[in-house]
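The structure presented is a predicted model; accordingly, all values stated were derived computationally and were not measured. The chains referred to below are lettered A, B, ... by the order of the sequence lines, with proteins before strands, and numbering in each begins at 1.
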2 protein chains.
Amino acid sequence: MPKVGMEPIRRQQLIKATMAAIDEVGLADATVMRIARHAGVSAGIISHYFGGKDGLLEATMRQILSDLGTAVAARRRALADDSPRAHLGAIIDGNFDRSQVTGPVAKTWLAFWASSMHRPTLQRLQSVNDHRLYSNLCSQFRRLMPRQEARRAARGLAAMIDGLWLRGALTPEGLDADHARRLAHDYLDQLLAAHPSSPAS
Amino acid sequence: MPKVGMEPIRRQQLIKATMAAIDEVGLADATVMRIARHAGVSAGIISHYFGGKDGLLEATMRQILSDLGTAVAARRRALADDSPRAHLGAIIDGNFDRSQVTGPVAKTWLAFWASSMHRPTLQRLQSVNDHRLYSNLCSQFRRLMPRQEARRAARGLAAMIDGLWLRGALTPEGLDADHARRLAHDYLDQLLAAHPSSPAS
DNA sequence: TTTTATTGATTGAACGTTCAATAAAAAAAT
DNA sequence: ATTTTTTTATTGAACGTTCAATCAATAAAA
């Protein structure tokens, strides 16, 4: 079947296969051969398109982060009003969309999260993403409260989002996105309730 | 140096060395030889005392969970009053003690968390521990609100605790336990504020 | 002298990477 | 249109490395 212009197709195939393999047996046992089998290709092709296993893993993490960023940005762009609460709500919803919070993506994300502690490349990606979330939250809270408090609120909401999502990834039944979203929104309401310019929702 | 009664000493040594190795290079690169070197012994001894690498990893996770349980239980026993708020506060504080939230323990915990998704033995340990936390939280909230709401509150607080801790494990500077504790307590206050029999703190 | 604790070289399995060989499509030539 | 040539995509066996586990040998206490 070799045709011209296979590169983007194969890259996408292999990234998806990587998530499937990690979902199936975990990052530690996601060998190149298992990933290749998921994609229906041979093991050698991975080095050809990604320079090696590490390149594929990095590309996979990039894909997940990029999907997440897209989901958040789309919801913020579609916002009716420009209030801080609306933006913060959109950020929450975007984080619980996460281009399907479905099993494979969630487990892959957590696996990368853990291994980003010791792989500089992944750590950089994770750190950039993390800073973006924090800074987005912070600048919205900043419109309603002094800097110090805004920082606290941002840290709290970020922790809540990550915590809900982490627990979702670990429970065998998977994340109940609606339930998680509701808890996060409730927390957001409580954070805003103590401050003046927040209309009762 | 071989003496009689080395077993408990070596076991403790090796468990500590396991955390040190995971802190240093991550679970994936924590080989038996590296762990043994950290403990100042040979690689073969691991199989002798733990039956193999898996046995050592399981024992290490058990140790962490047991330390956590001890920290929480101690604070609850030392409580002055028996109010739900006091118990919940003690649970929070115990979780942010975690027998030192210091680097090695925190990173080891997160590493196990991630790999518990695919190792049945670790998953069982993690699940038992998780259920204990949730059920403790739930029964205290239950004293102040109807079951449905108590469940929600317990889920929310558990997520907040895990989220704060997770973020702490990932930031290079490590977890700021005081700050995390304060955020969790604030959230707890907000959860309780909406309900009758909670005196203003 | 017996028992207990420990070592470290060895073994076999598993892994990622490489690369010569191959197969299929595209392009060029007839 | 058909054949030939070139290009692109892919394979899978071979290689070197790394790891966990084993076990005969050893060393120190009892």
Atom-to-atom span, CD1 of Ile35(A) to C1' of dT17(C) - whole angstrom: 14 Å

Heavy-atom side-chain contact between Tyr187(B) and Gln190(A) under 4.5 Å: yes

Phosphate OP1/OP2 of dC19(D) contacted by Arg34(B) side-chain N/O (<4.0 Å): no

Sugar-phosphate, base or nothing in reach of Gly44(A), heavy atoms under 4.0 Å: base

Sugar-phosphate, base or nothing in reach of Phe50(A), heavy atoms under 4.0 Å: nothing

Closest to side chain of Met6(A), choosing from dA21(D), dT10(D), dA5(C): dT10(D)

d(CZ, Arg37(A); C1', dA14(C)) in whole Å: 14 Å

Heavy-atom donor-acceptor pair, Asn95(B) side chain to Ile91(B) backbone, under 3.5 Å: yes

Whole-Å gap separating P (dG16(C)) and CE (Met33(A)): 8 Å

Min side-chain heavy-atom separation Leu164(B)-Arg155(A) under 4.5 Å: no

Pairing partner of dA29(D) (Watson-Crick or G-U wobble, both distances under 3.5 Å): dT2(C)

Minimum heavy-atom distance Ile35(B)-Ala30(B), with the two atoms named: CD1-O, 3.9 Å

Proximal nucleotide (of dG8(C), dC19(D), dC15(C)) relative to the Ser42(B) side chain: dG8(C)

Under 3.5 Å donor-acceptor, His118(A) side chain and Ala28(B) backbone: no

Euclidean distance, atom CD1 of residue Ile9(B) to atom C1' of dA5(C) [Å, nearest integer]: 12 Å

Whole angstrom value for the distance that separates C1' of dT22(D) from NE2 of His48(B): 13 Å

Nearest-Å distance for atom pair CG/P, residues Asp29(B) and dG16(C): 13 Å

Tyr49(A) side chain, from C-beta outward: closest of dT17(C), dT10(D), dT7(C): dT10(D)

Nearest-neighbour nucleotide for the Ile45(A) side chain, dT11(D), dT6(C), dT17(C) considered: dT11(D)

Atom-to-atom span, CD1 of Ile46(B) to P of dC23(D) - whole angstrom: 18 Å

Nucleotide opposite dC23(D) in a Watson-Crick or G-U pair, distances under 3.5 Å: dG8(C)

Residue Ser47(B), side-chain heavy atoms: nucleotide from dT22(D), dT6(C), dT18(C) that is nearest: dT22(D)

Rounded distance in Å - CG (Asp54(B)) to P (dC19(D)): 16 Å

Residue Lys53(B), side-chain heavy atoms: nucleotide from dA20(D), dT10(D), dG16(C) that is nearest: dA20(D)

Out of dT10(D), dG16(C), dT7(C), whichever nucleotide has its closest atom nearest the side chain of Val41(B): dT7(C)

